[in-house]
Amino acid sequence: MVDAAERETPRRHPALITLGLLFHHRLFVMGLCLFGIIVIAGALAPFITSVDPTKLAMRFKFRPPGADFIFGTDNFGRSLWSRVIWGAQLSMMIGGCVVLLNAVFGTLIGALAGYFPRIDNALMRINDALMAFPAILLAIGITSVLGPSTFNAILALAIVYIPRTARIVRASVIVLREMEYVQAAIAAGAGHWRILRCHILPNAMAPLIVQLSFLFAYAVLSEATLSFLGLGAVPPTPTWGNIMAEGRQYMTDSYWIITIPGVALMITVLGLNLLGDGLRDVLDPRLRIQQ
């Protein structure tokens with residue numbers, strides 16, 4: 001008989017181990033809570049706001065936060081609570097679309113450039129040309145040409161940030177393609193796409209996930225900047241950026257118009273940055289070794 005002490009203990013799945021580490025990481029949990037509040041508020045906007053965010057009520061304009069209006073009203077008497085909550089929904093939608101486009105096209109470009117040396121130089125020179133411009137200035141230039149709209153803002157931000165995602169994926173693929181298990185797959189006759197799909201990309205996910213978490217924050221902040229400049233969603237569609245743009249001339253007497261959406265933006269970006277820091281600490285094996 002095999003002694004009980006010698007019995008093999010059941011091994012936990014790596015995904016469960018990673019989740020356990022994440023939920024024991026204080027920065028990750030804090031970031032998840034902050035970001036979760038904004039996501040839930042945006043998702044439940046139709047249920048927690050009973051007032052149309054675009055409805056004008058001039059007799060209620062410039063009402064300070066109170067029992068009747070939780071966040072007060074703006075210069076047109078519109079409920080700021082309703083506008084900020086619906087603005088959260090739009091910001092999460094734009095951020096999610098930008099992240100999704102980056103995950104697809106950034107990964108595709110980075111994988112092709114890293115795995116196929118013949119096209120690496122051409123793809124990376126295009127990347128370098130796009131990255132030569134400051135991200136927000138390039139986004140402003142693109143939306144100025146295309147015109148202000150939610151779709152154009154998403155397109156501009158995706159074009160701006162895809163090269164950065166592609167470079168991170170490319171760096172991981174270049175390292176992974178020289179690994180012994182990849183060389184063994186090549187020697188066994190596996191096709192290029194099978195090697196990329198089954199052996200390289202799954203092992204390149206950790207840095208990509210960390211990058212996408214930070215990218216979500218950049219996208220939300222950049223969208224607010226574009227809307228503040230009048231290059232994002234067209235008013236009266238509420239976004240945090242255009243709410244602050246409308247309230248900047250009333251800062252002295254009606255500070256809440258610009259302060260409240262600014263705080264919502266700060267909480268979102270802070271939560272995503274803490275989330276990204278936690279993901280980096282847990283998923284980056286070099287940092288894990290140092291700890």
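These numbers were taken from a predicted model, which means no experiment stands behind them.
More than 12 non-hydrogen atoms from other residues, nucleotides or ligands lie less than 6.0 angstrom from CD of E178. Residue-environment remark: CE (M30) stays at or below the threshold of 12 foreign heavy atoms within 6.0 Å.
Within the 3.5 Å criterion, the main-chain N or O of S79 finds no donor-acceptor partner in the side chain of S82. No donor-acceptor pair closer than 3.5 Å links the side chain of W240 to the backbone N or O of E223. Side-chain atoms of R167 do not come within 3.5 Å of backbone N or O of G110 as any donor-acceptor pair. Using a distance-only test at 3.5 Å, with no hydrogens or angles considered, a donor-acceptor pair links the side chain of D74 to the main chain of G77. Under the 3.5 Å distance criterion, the side-chain polar atoms of R78 are left unmatched by any main-chain donor or acceptor of T54. Although no hydrogens or angles enter the test, the distance criterion places no donor-acceptor pair under 3.5 Å between the side chain of T107 and the main chain of V104. In this structure a side-chain-to-backbone donor-acceptor pair under 3.5 Å is present from T49 to A45. The backbone N or O of I162 lies less than 3.5 Å from a partner atom in the side chain of N102, making a donor-acceptor pair. Distance alone, capped at 3.5 Å, is enough to place a donor-acceptor pair between the T143 side chain and the I140 backbone.
Minimum interatomic distance between I85 and I48 (heavy atoms only, all atoms of both residues): CG2-CD1, 3.9 Å. Here the closest non-hydrogen pair linking R170 and A113 is CD-CB, 4.0 Å.
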* Asked: Going through the distances and angles, do T239 and I243 end up as a side chain to side chain contact (heavy atoms under 4.5 Å, CB included)?
  -> CA-CA 6 Å; T239 71; I243 294 172; 5.9 Å; no
For this session: Give the intermediate values and the outcome of side chain to side chain contact (heavy atoms under 4.5 Å, CB included) for residues M58 and F76.
Result: CA-CA 5 Å; M58 298 301 292; F76 292 109; 3.9 Å; yes
Exercise. Given S149 and N152, is the side chain to side chain contact (heavy atoms under 4.5 Å, CB included) satisfied, shown in steps?
Worked result: CA-CA 5 Å; S149 74; N152 290 342; 3.2 Å; yes
- Step by step, would you call T18 with L21 a side chain to side chain contact (heavy atoms under 4.5 Å, CB included)? CA-CA 5 Å; T18 301; L21 291 172; 5.6 Å; no
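Here the two rings, on F35 and F216, have centers that are under 6.0 Å apart.
Tracing side-chain contacts under 4.5 Å through hydrophobic residues (I, L, V, M, F, W, Y), one never reaches V51 starting from V84; they form parts of separate clusters.
When the ring-ring contact (aromatic ring centres under 6.0 Å, His included) test is applied to F151, no partner is found at least two apart in sequence or on another chain.
Between H199 and Y181, the ring planes lie tilted relative to each other; the angle falls in the 30° to 60° range.
At least one side-chain heavy atom of L270 sits under 4.5 Å from a side-chain heavy atom of L34. In this structure, the side chains of T73 and R59 stay at 4.5 Å or more apart for every pair of heavy atoms. In this structure, D120 and F116 have side chains that are not in contact, with every pair of non-hydrogen atoms separated by 4.5 Å or more.
Geometrically, R248 engages F228 in a cation-pi contact defined by less than 6.0 Å to the ring centre and at most 45° from the axis.
Through direct or relayed side-chain contacts under 4.5 Å between Ile, Leu, Val, Met, Phe, Trp and Tyr, W86 connects to no other residue. Under a 4.5 Å side-chain heavy-atom cut-off, the cluster of Ile, Leu, Val, Met, Phe, Trp and Tyr residues that includes F69 is completed by F60.
Remark: of the listed residues V98, I168, V99, V99 is the sole one forming a side-chain contact (heavy atoms from CB on, under 4.5 Å) with L212.
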